[in-house]
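Here's the structure, in structure tokens; my notes come after.
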Amino acid sequence: VMAKKDRVLNSIEFLSNGRVRKNTRKYRLHVCFSGTMEEVLSDCFPDDPPIPSDVDPSSLEQFVRGRVSWLVDNPGRQQIGSFHPITSGDWMDGAFLSAETEELAAKCVA
């Protein structure tokens with residue numbers, strides 16, 4: 001099922017007016033990887049063309065690409081089980097879907 005949704009996502013573009021058209025991108029985007037653990041941890045789509053340098057990196061944040069890498073960010077700065085972050089700033093960034101991502105997800109499951 002996810003492979004079919006991935007093909008659809010990469011074959012059409014959703015326009016702001018709610019219409020769709022044939023995809024004109026020269027690169028592919030993936031909302032998730034599916035497969036065995038070995039496939040998911042490695043690159044599920046090794047033959048994808050590279051993303052052009054003129055593409056805004058913030059527009060790619062909700063997509064996955066390449067090998068899985070683990071975050072390494074001073075694991076001792078917060079105690080396990082604590083819900084009170086030690087660092088200041090908006091630590092909830094990325095914890096919730098943006099309106100655009102929610103809309104994309106809704107169109108993908110439709």
Side-chain angles (χ1 to χ4, degrees):
V1 172
M2 290 309 297
K4 181 178 179 182
K5 301 278 185 185
D6 189 66
R7 282 193 303 275
V8 169
L9 174 67
N10 284 292
S11 65
I12 59 176
E13 289 182 71
F14 295 101
L15 305 175
S16 59
N17 61 5
R19 300 183 60 116
V20 295
R21 70 174 176 202
K22 186 175 179 187
N23 185 10
T24 57
R25 285 188 324 262
K26 301 292 184 207
Y27 57 93
R28 301 194 62 185
L29 299 172
H30 308 284
V31 292
C32 71
F33 284 165
S34 60
T36 66
M37 184 179 207
E38 184 177 339
E39 291 168 338
V40 171
L41 291 176
S42 64
D43 189 353
C44 282
F45 303 98
D47 299 325
D48 278 359
I51 294 178
S53 59
D54 62 337
V55 174
D56 180 17
S58 66
S59 69
L60 304 172
E61 289 179 353
Q62 69 262 21
F63 300 106
V64 293
R65 189 173 185 88
R67 295 182 53 84
V68 170
S69 62
W70 307 109
L71 293 177
V72 180
D73 184 25
N74 190 6
R77 76 174 183 188
Q78 182 175 340
Q79 294 178 329
I80 294 179
S82 170
F83 192 69
H84 303 287
I86 294 171
T87 58
S88 61
D90 192 1
W91 51 271
M92 288 183 14
D93 274 353
F96 301 100
L97 297 177
S98 67
E100 296 82 16
T101 305
E102 283 188 43
E103 181 182 354
L104 175 63
K107 290 178 179 178
C108 287
V109 298

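Only a predicted model underlies this, so the values are computations on that prediction, with no experimental measurement involved. Here, residue 1 is the first one in the sequence, and each next residue gets the next number.
- No continuous path of ILVMFWY side-chain contacts below 4.5 Å connects V31 to L97, so the two sit in separate hydrophobic clusters.
- The aromatic rings of H30 and F45 lie parallel to each other, their planes meeting at an angle below 30°, with 60° marking the opposite boundary.
- In this structure, R28 contributes its side chain and D47 its backbone to no donor-acceptor pair below 3.5 Å.
- Side-chain contact between F63 and L9: present, with at least one pair of heavy atoms (C-beta onward) separated by less than 4.5 Å.
- Between M2 and C32, the closest heavy-atom pair is CE-SG, 3.2 Å.
- Nearest heavy atoms, P52 versus Y27: CD-CD2, 3.3 Å.
- Scanning both residues, R19 and N17, for their nearest heavy atoms gives N-OD1, 3.0 Å.
- Nearest approach of L15 to K107, heavy atoms of both residues: O-NZ, 4.5 Å.
- The hydrophobic cluster containing V68 does not contain V64, counting ILVMFWY residues as joined when their side-chain heavy atoms lie under 4.5 angstrom apart, directly or transitively.
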Inset, instruction - For F33 and L41, run side chain to side chain contact (heavy atoms under 4.5 Å, CB included): C-alpha distance rounded to whole Å, both residues' side-chain angles, the deciding distance at 0.1 Å, then the answer. - result: CA-CA 9 Å; F33 284 165; L41 291 176; over 6 Å; no
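- The heavy-atom pair separating S34 from V40 by the smallest distance is C-CG2, 3.9 Å.
- In this structure, CD in E100 is found 11.5 Å from OG in S16, a value given to the nearest 0.5 Å.
- The closest donor-acceptor contact from the side chain of N10 to the backbone of L29 lies under 3.5 Å.
- Across all non-hydrogen atoms, the minimal contact from D43 to R67 is N-CG, 4.1 Å.
- In this structure, E38 CD and C44 SG are separated by 10.5 Å, a value rounded to the nearest 0.5 Å.
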